[in-house]
Structure formats: structure tokens, C-alpha cells
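Just so it is clear, the values below take in all heavy atoms, side chains as well, and ignore hydrogens, waters and symmetry mates. Letters A, B, ... mirror the listed sequences (proteins, then strands); counts begin at 1.
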Amino acid sequence: MRYWLMKSEPDEFSIDDLARAPKKSTAWFGVRNYLARNYMRDQMQLGDRVLFYHSSCEVPGVAGIAEVSKLAYPDETQFDKKSDYYDPKATRDNPRWVHVDVKFVKKTRLLPLSELREHKQLAKMQLLQRGNRLSITPVDPAEWKYIESIL
DNA sequence: GCCAACGTTGGC
DNA sequence: GCCAACGTTGGC
């Protein structure tokens, strides 16, 4: 089992939205970065644990825990001309973008980015590296364990 | 709203 | 295949 961090803008979709969603799960649609896509497509397994991270908001940080509940499959929004995520180069025969489903596990206290940065045990987290913009990053098992201990 | 960092695009 | 220009992300 692997561990991940996935960013979502809470104005768009928050941990509370996930808790309220049908079956408490959602398709993680809209990822348009190849590395993030490849993590979902090639590495995510059912039951993998996910730090649900709120980004681009007043206090960015970890807001809850989720798990991978469905393996990668094509992202419907790439075919939808009305969608912000429409990709004219994607076809149903040759889809370019896939995503997993994630399911609510629990809401946690908000663990702010600023606090994550204070812990030297987390200094190597990919999220905290300079210039990191990737919306999906792997989390080291030791980092995961440490974060659980301070949540 | 600013801007650093980084990914993507497209001309050559 | 290089790389400048451009667009996007996301913290501040």
C-alpha cells in the first residue's frame, strides 16, 4: 500500500463535500498533468491512503484522509466540449486523461502548510519542496506515520 | 494581485 | 530537438 497527497481547492471540492457525496466518494477528474496522471494510472492501488489537501484557500493544509476506491479509468470531462477540462486531442478510442475514485475516510483538524513546514521530520516531503506545483504527490510511509501522529 | 517556478507549445 | 514565449499553479 502506498500513500499520497492530493490537492483540491475547497471552493471547488472540499473534504466536507467528499463526506457528503454519494457513497462518500468522488471521481478525481480534471487532472491535466502527465506525472500526476501517471501516478494514478500506474501506481495507485485500491486502499491506498490519501492526504486530502486544501489548496488555493485562506489556510492551505491537510484537511482529512481518503482512500483510493476505484482504479484509474478515463476522465469523462476530456470529451465534454463544455467542460473546462475538455481536451480536443483526446478521443474515446485513445483517451489521454484518466483518474481514480477516492473515498472519504475521515475529516481531521486542519493541519496548515505553515505547520508542516515547521517539522524537520517532514522537510523532505515533496509537497514542501520549492516550486512544487504537482496536484498529486507520493508520501513516504515514514512521513505519513509522522503526520498521523500530529493530526 | 503579485510573482516564482515550472510545464507546455510551437517555430525553427 | 532546442528553447523562447506563454500559460498555469498556488502561496503569500
Side-chain angles (χ1 to χ4, degrees), chain A residues 2-21 25-44 48-68 71-140 142-144 146-151:
Chain A
R2 294 175 192 259
Y3 301 97
W4 306 94
L5 181 143
M6 298 172 81
K7 296 181 186 174
S8 182
E9 300 188 13
D11 293 346
E12 298 294 324
F13 195 84
S14 70
I15 188 73
D16 293 318
D17 293 324
L18 184 61
R20 282 195 294 266
S25 76
T26 188
W28 204 266
F29 63 84
V31 170
R32 294 294 180 271
N33 171 283
Y34 288 104
L35 187 50
R37 179 203 67 182
N38 292 350
Y39 283 144
M40 290 198 281
R41 186 189 63 192
D42 303 334
Q43 295 194 33
M44 285 196 186
D48 277 7
R49 291 279 158 151
V50 175
L51 293 171
F52 194 109
Y53 180 91
H54 285 176
S55 68
S56 293
C57 56
E58 206 164 322
V59 183
V62 172
I65 292 175
E67 67 180 17
V68 175
L71 296 177
Y73 61 102
D75 181 337
E76 278 300 312
T77 63
Q78 71 193 299
F79 309 123
D80 178 2
K81 286 186 177 166
K82 292 177 189 154
S83 170
D84 287 343
Y85 301 114
Y86 176 64
D87 184 344
K89 293 180 181 167
T91 63
R92 291 204 176 265
D93 285 342
N94 193 12
R96 176 176 295 198
W97 304 108
V98 299
H99 57 62
V100 297
D101 284 2
V102 304
K103 186 177 180 189
F104 181 82
V105 173
K106 67 178 177 184
K107 187 176 176 177
T108 64
R109 78 177 175 97
L110 182 65
L111 172 52
L113 176 61
S114 58
E115 188 179 330
L116 289 170
R117 290 194 190 283
E118 290 170 3
H119 293 270
K120 67 175 189 298
Q121 293 90 339
L122 301 176
K124 290 185 178 167
M125 269 190 90
Q126 200 165 321
L127 173 76
L128 304 183
Q129 304 313 303
R130 90 192 316 252
N132 170 67
R133 296 183 311 169
L134 206 55
S135 64
I136 299 177
T137 49
V139 175
D140 186 86
E143 292 164 352
W144 178 279
Y146 185 79
I147 288 170
E148 277 198 317
S149 77
I150 60 174
L151 274 173

Quiz item: Does the side chain to side chain donor-acceptor pair (under 3.5 Å) test come out yes or no for Arg32(A) and Thr77(A), once each step is laid out?
Solution: CA-CA 11 Å; Arg32(A) 294 294 180 271; Thr77(A) 63; 3.0 Å; yes
Self-check item: Pairs meeting criterion salt bridge (charged side-chain N to carboxylate O under 4.0 Å, His left out) with involvement of residues 113-132 of chain A, two or more places apart
Solution: Arg109(A)-Glu115(A)
Quiz item: Does the side-chain contact (heavy atoms from CB on, under 4.5 Å) test come out yes or no for Leu116(A) and Leu111(A), once each step is laid out?
Solution: CA-CA 7 Å; Leu116(A) 289 170; Leu111(A) 172 52; 3.7 Å; yes
Quiz prompt | Residue list, salt bridge (charged side-chain N to carboxylate O under 4.0 Å, His left out) with Arg37(A), at least two apart or on another chain | solution = none
Self-check item: Test item: Gln129(A) side-chain N/O and Met125(A) main-chain N/O as donor-acceptor pair under 3.5 Å
Solution: yes
Exercise. Starting at OG of Ser14(A), measure out to CZ of Arg20(A) and round the result to the nearest 0.5 Å.
Key: 6.0 Å
Self-check item: Where chain A begins and ends its contact with DNA chain B, read 5' to 3' at 4.0 Å from heavy atoms
Solution: dA5(B) to dT8(B)
Quiz prompt | Qualifying side chain to side chain donor-acceptor pair (under 3.5 Å) pairs with a residue from residues 93-108 of chain A, counting only residues at least two apart or across chains | solution = Asp16(A)-Lys107(A), Tyr34(A)-Arg96(A), Tyr73(A)-Asp101(A), Asp87(A)-Trp97(A)
Exercise. Test Trp28(A) against every option in Phe52(A), Tyr39(A), Trp4(A) by the ring pair (Phe, Tyr, Trp, His ring centres under 6.0 Å) rule and name the one that passes.
Key: Phe52(A)
Self-check item: Basic-acidic side-chain contact under 4.0 Å: Arg92(A), Glu76(A)
Solution: yes
Exercise. Mind grabbing the angle between the end helix axes of the helix from dG1(B)-dC12(C) to dC12(B)-dG1(C)? Five pairs an end, 10° rounding.
Key: 10°
Self-check item: Touch class at under 4.0 angstrom, heavy-atom based, for Leu35(A) against every strand present
Solution: nothing
Quiz prompt | Those residues of residues 127-138 of chain A lying under 4.0 Å from DNA chain B by at least one heavy atom | solution = Arg130(A), Gly131(A), Arg133(A)
Practice problem: Answer yes or no: are there more than 12 heavy-atom neighbours, outside Phe29(A) itself, under 6.0 Å from its atom CZ? | Solution: no
